[in-house]
Student: 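Below is one structure. I have some questions about it.
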Amino acid sequence: MTALGFLYPGHSAEDDYPRMEQLLGSDVRLDLVHTDIGEDAHRVDALREMGSPERLAAGLQELRLSGAEAVVWACTSGSFVLGWDGAHEQVRGLAVAAGMPASSTSFAFVHAIREIEVRRVAVGATYPDDVAQLFADFLRAGGVEVTGVRSSGIVTAAEVGTWGERELFALARAADSPDAEALLLPDTALHTVAHIPALEKELGKPVLTANQVTVREGLRLADRRVNAPELGALFTREPVVQA
C-alpha cells in the first residue's frame, strides 16, 4: 500500500481525490486534509498567507497519523505566487515540518510537463489576469515555453468550485492554441478529473489539470508509477506490464 498525503485549501473540488483513488487501484491511498483558507481571494497577498508555514503545519499531524509517505501542498496559486525560489523554500519547510518528502502543485505541473516530454504549453486559468501571469512566469522559470494565457478573472475558489462541464470546456477551448503541445488548467478548485479523457480527445493533445498533476507528484515522491488511462496522457506514459 502506498499512502500519499495532500494538504488541500478549503472546500471546492476535493471530491476529485476519491475519484482518482478509485481509478488508481486498491494499493494507492490518497489522504486529504483541509487547511484553513483564510480569505478566499485570488489576490497575491491573500494567496501568500494561504500558503504560510503556520497554515500548512496545522494539518501535518493528521497526515502523519495516516501513515502518509509523502505530502503535496495541493494548491497552485498558493505556491507559484512566491516565485520559483520562494516556492522551493515553501516545500523545503514543509518537508522539514512533515518529516517526509514534500512538493506543491506548481512544481507538479513542471514535473508533469517533463514527464509527457513537451515544452510548449497553453494555460487556461480561472484566476484574474495578474495571478495567471505569475503562473506563466513560474513555468518559464522551470524551462517551459508558454504560448498563451487565458484568464477568467474569478476572484474566489468557491466560485470556481461551482463550475461544471460547460464552463470547463469553454475555458479549455478558449485557452488552447495550435502551437501548444499541451493545455494546462491550473486551479485545484476546478473539477476536472471526470473530464480529462474527453478534453484530450476534443483538443487532440495532453491536458494537465491541477488535481491530476498533484496526485502524480505524490506518486513521484513515493517512487510509484501507475497506469491509469482514465486520468489522461500523464498516466499512460508507462506500458502495462503483464504478469
Side-chain angles (χ1 to χ4, degrees), residues 6-14 16 34-53 55-56 72-91 94 103-113 120-163 167-177 180 182-192 207-214 217:
F6 302 91
L7 297 175
Y8 186 92
H11 297 265
S12 294
E14 65 269 25
D16 270 1
H34 296 275
T35 64
D36 179 12
I37 199 170
E39 182 183 1
D40 183 9
H42 288 143
R43 201 178 64 242
V44 172
D45 62 327
L47 293 169
R48 285 176 173 269
E49 174 58 28
M50 186 193 306
S52 68
R55 290 186 187 276
L56 298 186
V72 184
W73 167 222
C75 183
T76 325
S77 55
S79 45
F80 69 70
V81 293
L82 302 174
W84 186 261
D85 292 338
H88 270 288
E89 184 177 345
Q90 182 186 58
V91 296
L94 181 58
S103 190
S104 68
T105 304
S106 293
F107 289 116
F109 271 108
V110 174
H111 294 146
I113 290 164
R120 299 186 308 278
V121 305
V123 173
T126 55
Y127 319 127
D129 186 63
D130 63 328
V131 175
Q133 291 299 327
L134 290 176
F135 180 57
D137 291 343
F138 185 92
L139 294 173
R140 293 183 182 109
V144 179
E145 180 182 341
V146 180
T147 64
V149 179
R150 178 81 175 197
S151 58
S152 300
I154 297 180
V155 176
T156 68
E159 182 179 349
V160 174
T162 68
W163 274 27
E167 295 90 347
L168 173 67
F169 274 72
L171 174 60
R173 294 185 194 107
D176 188 31
S177 63
L183 174 69
L184 276 55
L185 300 170
D187 197 338
T188 58
L190 185 62
H191 291 89
T192 61
V207 175
L208 301 178
T209 76
N211 291 320
Q212 169 214 39
V213 302
T214 297
E217 184 75 347

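One-based numbering along the sequence shown. Because only heavy atoms are used, hydrogens play no part in the values below, and waters and symmetry mates are left out as well, while side chains stay in.
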Student: If we ignore hydrogens and angles and just use 3.5 Å, is the side chain of Thr105 paired with the main-chain N or O of Trp73 as donor and acceptor?
Tutor: yes
Student: Keeping the roles fixed (side chain from Ser152, backbone from Ala125), state whether a donor-acceptor pair exists under 3.5 Å.
Tutor: yes
Student: Could you report the tightest heavy-atom contact between Arg55 and Met50, atom names first, then the distance?
Tutor: CD-O, 3.6 Å
Student: Can you measure from CG (Leu82) to NE2 (His88) and round to the nearest 0.5 angstrom?
Tutor: 11.5 Å
Student: Could you go through Tyr8 and Thr214, starting from their C-alpha distance and side-chain angles, then the distance that decides it, and tell me whether this counts as side chain to side chain contact (heavy atoms under 4.5 Å, CB included)?
Tutor: CA-CA 10 Å; Tyr8 186 92; Thr214 297; over 6 Å; no
Student: Would Leu184 and Leu139 satisfy side chain to side chain contact (heavy atoms under 4.5 Å, CB included), going step by step from the backbone distance to the final call?
Tutor: CA-CA 11 Å; Leu184 276 55; Leu139 294 173; 3.8 Å; yes
Student: Take Phe135 and Phe109, measure what ring-ring contact (aromatic ring centres under 6.0 Å, His included) needs, and give me the verdict at the end.
Tutor: CA-CA 10 Å; Phe135 180 57; Phe109 271 108; 5.4 Å; yes
Student: Checking Glu14 side chain against Ser12 main chain: does a donor-acceptor pair fall under 3.5 Å?
Tutor: yes
Student: For the CG atom of Leu185 and the NE2 atom of His191, what is their distance to the nearest 0.5 Å?
Tutor: 14.0 Å
Student: Main chain of Thr192, side chain of Thr209: is a donor-acceptor contact present, judged purely on distance under 3.5 Å?
Tutor: no
Student: Check Thr76 against Ala210 and note the closest heavy-atom contact, atom names and distance.
Tutor: OG1-CB, 3.8 Å
Student: Run the numbers on Phe169 and Trp163 for ring-ring contact (aromatic ring centres under 6.0 Å, His included), then give the verdict.
Tutor: CA-CA 10 Å; Phe169 274 72; Trp163 274 27; over 10 Å; no
Student: For Glu145, I'd like to know if atom CD has over 12 heavy atoms of other residues, nucleotides or ligands within 6.0 Å.
Tutor: yes
Student: Taking Asn211 for its side chain and Thr188 for its backbone only, find out whether a donor-acceptor pair lies under 3.5 Å.
Tutor: yes
Student: Do any N or O atoms from the side chain of His34 and from the backbone of Pro9 form a donor-acceptor pair under 3.5 angstrom?
Tutor: no
Student: Could you state the interatomic distance from CG (Leu47) to CD (Glu39), rounded to the nearest 0.5 Å?
Tutor: 9.5 Å
Student: Okay, side chain of Thr147, backbone of Arg120: is any donor-acceptor separation there less than 3.5 Å?
Tutor: no
Student: As an exercise, state the distance from CZ of Arg150 to CG of Asp176, rounded to the nearest 0.5 Å.
Tutor: 12.0 Å
Student: Check Arg140 with Asp137, please: is the shortest side-chain N to carboxylate O separation under 4.0 Å?
Tutor: yes
Student: Hey, what do you get for CG (Leu7) to CG (Leu94), rounding to the nearest 0.5 Å?
Tutor: 6.0 Å
Student: List the atom of Val131, the atom of His42, and the distance in Å for their closest heavy-atom pair.
Tutor: CG2-O, 3.5 Å
Student: Look up atom CG in Leu134 and atom OG in Ser79, then write down how far apart they are to the nearest 0.5 Å.
Tutor: 11.5 Å
Student: Of all heavy-atom pairs between Ala175 and Leu183, which one has the smallest distance, and what is that distance?
Tutor: CB-CD1, 3.8 Å
Student: Is there a donor-acceptor pair under 3.5 Å between the side chain of Ser106 and the backbone N or O of Phe80?
Tutor: yes
Student: Say whether, by atom type as modelled, one donor and one acceptor occur between the side chain of Gln90 and the main chain of Gly78 under 3.5 angstrom.
Tutor: yes
Student: Of the non-hydrogen atoms in Ala108 and Val213, which two are nearest, and what is the gap between them?
Tutor: CB-O, 3.4 Å
Student: Kindly indicate, with the supporting measurements, whether the criterion side chain to side chain contact (heavy atoms under 4.5 Å, CB included) is fulfilled by Val149 and Gln133.
Tutor: CA-CA 7 Å; Val149 179; Gln133 291 299 327; 3.8 Å; yes
